[in-house]
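Everything below concerns the one structure shown next.
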2 protein chains.
Amino acid sequence: MNKRRTGSRSTGRTTIEDVARHAGVSAITVSRALRTPDSVSKPLRERIGQAVATLGYVPNRAARTLASARSNSVAVLVPSLSNQVFVDVLAGIRDVLGPRGYQLLIGNNLYDAAEEERLLMAYLEHHPDGLLLTGLQQSPRARAALAGSGVPTVHMMDLMADHSVTSVGFSQPAAGYAMTRHLLERGHRRIAFMAAQLDERTLKRRDGYRQALDEAGHGDYCAEISSPAASSVGLGVELTAQLLAEHPAIDAVFCCNDDLALGALFHCQRRGIPVPQHLAIAGFNDLGFGACSVPALTTVATPRYHIGVRAAELLLARIDNPALDAETLDLGFELQTRESA
Amino acid sequence: MNKRRTGSRSTGRTTIEDVARHAGVSAITVSRALRTPDSVSKPLRERIGQAVATLGYVPNRAARTLASARSNSVAVLVPSLSNQVFVDVLAGIRDVLGPRGYQLLIGNNLYDAAEEERLLMAYLEHHPDGLLLTGLQQSPRARAALAGSGVPTVHMMDLMADHSVTSVGFSQPAAGYAMTRHLLERGHRRIAFMAAQLDERTLKRRDGYRQALDEAGHGDYCAEISSPAASSVGLGVELTAQLLAEHPAIDAVFCCNDDLALGALFHCQRRGIPVPQHLAIAGFNDLGFGACSVPALTTVATPRYHIGVRAAELLLARIDNPALDAETLDLGFELQTRESA
DNA sequence: CTGAAAGCGCTTACAG
DNA sequence: CTGAAAGCGCTTACAG
């Protein structure tokens, strides 16, 4: 009885036609029963439900996307998943977009602009309903593709000064400045800056650090150290050793993230250097372990989860109304003063 | 000259037809030039390339997937992204599948079987070419959908005893057993077990722990503590405090992962409890920071990245030849004996 | 509430 | 090396 198509291109998979035949209705009615159950009478709805179950029917998303011109997906590009910061951002996005029925296409560009461009091009082929990008410094080609696609986009983490695109985050330079001011106010004068990769946000935090030192008249003493390697606790140990060897007189180090700061802490413990008495250590992000390390870590709490939530909400608004003006949303940051600095 | 379609359902987006018209060739030739450039003569290839560039043409993936019945995507389900373990697994997968042109659909099920089922159903609609799952304990419905879909699947982390499915990982009970043996051999007798969520792998490690204690005649003293909360350093601090309050006599604690172990370490530092003299602390996974903590962490090194690599390779083989027999690949583990235990 | 027709934008299979 | 026709599996827009 099962008149299956046997055309040369048939995939043999159960289609909506099979379900329709099994339930004795038309394909369009099955489609309705699946998408808007209320628009189909109860008896039919039930017959169709049973047919779906017995046939093990799985809708074909490619066909739906093609026919409806809506992918129900949002692409998210982050520079790293090893960095807990972006995992938290993703959690916020997911908590907003998941319940709204959007599927997330998550791309990790490994802090590489070329890879970001490649991923963006690949995701654009999905015609996502929206795009969530990290930072503001996309490559020219990426920017052009973005503009050409017309896909609503929100940038996360950094704030666009001229409000030409929608961005959600906090002021990186202000955060770097605030932490450096804190160290200065604690009486430190020879404050070093430590970073792993010098990405967009790191450079901006460093700008804030430099500005604070300049204003305080300590701009001449800038011990800065960084590494092209990915950030890690182990790298923090290494860089601290190197820093102290090259600049034995420093009395504080502002680490660009908490992992590096923990490494600095471990190095000092290992060497018997009292923290913060001989060396004050500050981190960035407030990743959780800083609250219980010994000494507890002074750091900058950043609204990562909240950035994800608000970025997703702004994106939703822009998907509903593409004509919306670009906006800039500053979610701020908070100094967490604990024991290490 | 630009005769654009104006049908009621036109999306207005640039299509392969537009490119073809612009280049003065047929759509099928454009399709070939894009997929297999060598099958098109050089002059045409160049004309088409220019048309693509000037029109800003982006292929529609839904249409390609529908027409070709191949999605060129692989869905990966992991229980967490906060746990660095799975980020490392993903890196291995990506390094194998990326160069082969596969796009990854990454799903995070938050250690929840119902969410895993939901994600699986959603990803099945994409008709992925392959599936990479974490663990072996999918829900009955998920298992049924999996079988019905016929999509090649590889399970990661745990090993399937009866070889009924393809799995890549290491023996969790053996690893739990090995670490407990190590603690026993160091002279510890009152060894506690600490875990966050009791997921599949944690339970198996605990089995190994119990077996080792039983064999050594210490099965009667099983101090075990766990929490439904997500694992974190802070949780490790809390659980250690609780453990020591309830079982002051314990002389070692086997933490189910390194984050908990670091928390245990911090708690001891804070309380002035010498490690390992008064309390030996062991971790699991060897996440990197354990090598530089003070004291350095004794832990079990697990082949996470390699699991991702080999799982992806096995999946590729099964995509090419779905008739392949299921296999079980044990990548082993390694005890990292350092200072803390 | 239900259905017949057309179309979404590609690729396959067949020709030449 | 290039192309005309058909089809992938859905949904839209129009009827009734």
Side-chain angles (χ1 to χ4, degrees), chain A residues 4-48 51-52 55-72 124-127 149, chain B residues 4-48 51-52 55-72 124-127 149:
Chain A
R4 295 295 291 271
R5 236 160 333 166
T6 46
S8 55
R9 295 187 59 189
S10 167
T11 59
R13 293 199 271 239
T14 305
T15 71
I16 203 170
E17 288 286 357
D18 299 324
V19 176
R21 210 175 300 122
H22 191 100
V25 297
S26 71
I28 169 73
T29 302
V30 175
S31 174
R32 283 200 194 93
L34 260 28
R35 283 174 300 125
T36 51
D38 289 339
S39 66
V40 172
S41 69
K42 202 175 162 201
L44 279 196
R45 205 189 312 150
E46 283 169 357
R47 272 219 319 270
I48 291 169
V52 166
L55 296 178
Y57 171 64
V58 176
N60 184 321
R61 210 159 201 274
R64 168 178 292 192
T65 297
L66 184 58
S68 69
R70 273 202 109 231
S71 68
N72 274 296
L124 247 22
E125 297 189 355
H126 284 275
H127 288 297
S149 74
Chain B
R4 295 294 291 270
R5 236 157 333 164
T6 45
S8 55
R9 297 187 56 190
S10 167
T11 59
R13 293 200 271 239
T14 304
T15 70
I16 203 169
E17 289 285 357
D18 299 324
V19 176
R21 210 175 300 122
H22 192 100
V25 296
S26 70
I28 170 71
T29 302
V30 175
S31 173
R32 284 199 193 93
L34 260 28
R35 282 174 299 126
T36 51
D38 290 340
S39 66
V40 172
S41 69
K42 201 174 162 200
L44 279 196
R45 203 188 313 150
E46 283 170 356
R47 266 211 334 262
I48 291 168
V52 165
L55 296 178
Y57 170 63
V58 176
N60 183 323
R61 209 156 201 274
R64 169 179 292 193
T65 297
L66 184 58
S68 69
R70 274 202 108 233
S71 67
N72 273 298
L124 247 22
E125 297 189 355
H126 283 275
H127 288 296
S149 75

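No hydrogens, no waters, no symmetry mates; every other heavy atom, side chains included, goes into these values. In what follows, every chain begins at residue 1, and chains take the letters A, B, ... in the order their sequences are listed.
When each of D/dC10, C/dG3, C/dT2 is scored by its nearest atom to the side-chain atoms of A/Thr15, the top-ranked nucleotide is D/dC10. Nearest nucleotide to the side chain of B/Ala67, out of C/dG7, D/dG3, C/dC10: C/dC10. Distances from the side chain of A/Ser68 to the nucleotides D/dC10, D/dT11, C/dG9 place D/dT11 closest.
No donor-acceptor pair closer than 3.5 Å links the side chain of B/Thr29 to the backbone N or O of B/Val25. With B/Thr65 contributing its side chain and B/Ala62 its backbone, the two residues share no donor-acceptor pair below 3.5 Å. Between the A/Ser68 side chain and the A/Arg70 main chain, a donor and an acceptor come within less than 3.5 Å of each other.
For the pair A/Arg32 CZ and D/dC10 P, the computed distance is 15 Å after rounding to whole Å. Rounded to an integer number of Å, the gap from CD1 of B/Ile28 to P of D/dA6 is 15 Å. A straight line from NZ of B/Lys42 to P of D/dT2 spans 14 Å, rounded to a whole angstrom. Between A/Leu34 atom CG and D/dT11 atom P there is a gap of 8 Å when expressed in whole angstrom units. The distance between atom CG of A/Leu66 and atom P of C/dT11, rounded to the nearest whole Å, is 12 Å. Spacing between atom CZ of B/Arg61 and atom C1' of D/dC8 amounts to 16 Å, rounded to whole angstrom units. At whole-Å resolution of the value, CZ in B/Arg35 and C1' in C/dC10 are 9 Å apart. One interatomic measurement links the two molecules: CG of B/Asn60 to P of D/dC10, which rounds to 16 Å at whole-angstrom precision.
Taking CZ of B/Arg61 as the reference point, atom CG of A/Leu66 lies at 14.0 Å (rounded to 0.5 Å).
Toward the 5' end of DNA chain D, the nearer of the two residues B/Leu44 and A/Ile16, judged by each one's closest nucleotide, is B/Leu44.
Side-chain N/O atoms of B/Ser41 include one lying less than 4.0 angstrom from OP1 or OP2 on D/dT2. In this structure, B/Thr29 reaches the D/dG3 phosphate: one of its side-chain N or O atoms is under 4.0 Å from OP1 or OP2.
Pair check for D/dC14 finds C/dG3; Watson-Crick or G-U wobble, both atom distances under 3.5 Å.
B/Arg45 and B/Ser41 form no side-chain donor-acceptor contact under 3.5 Å, judged by distance and modelled atom types alone.
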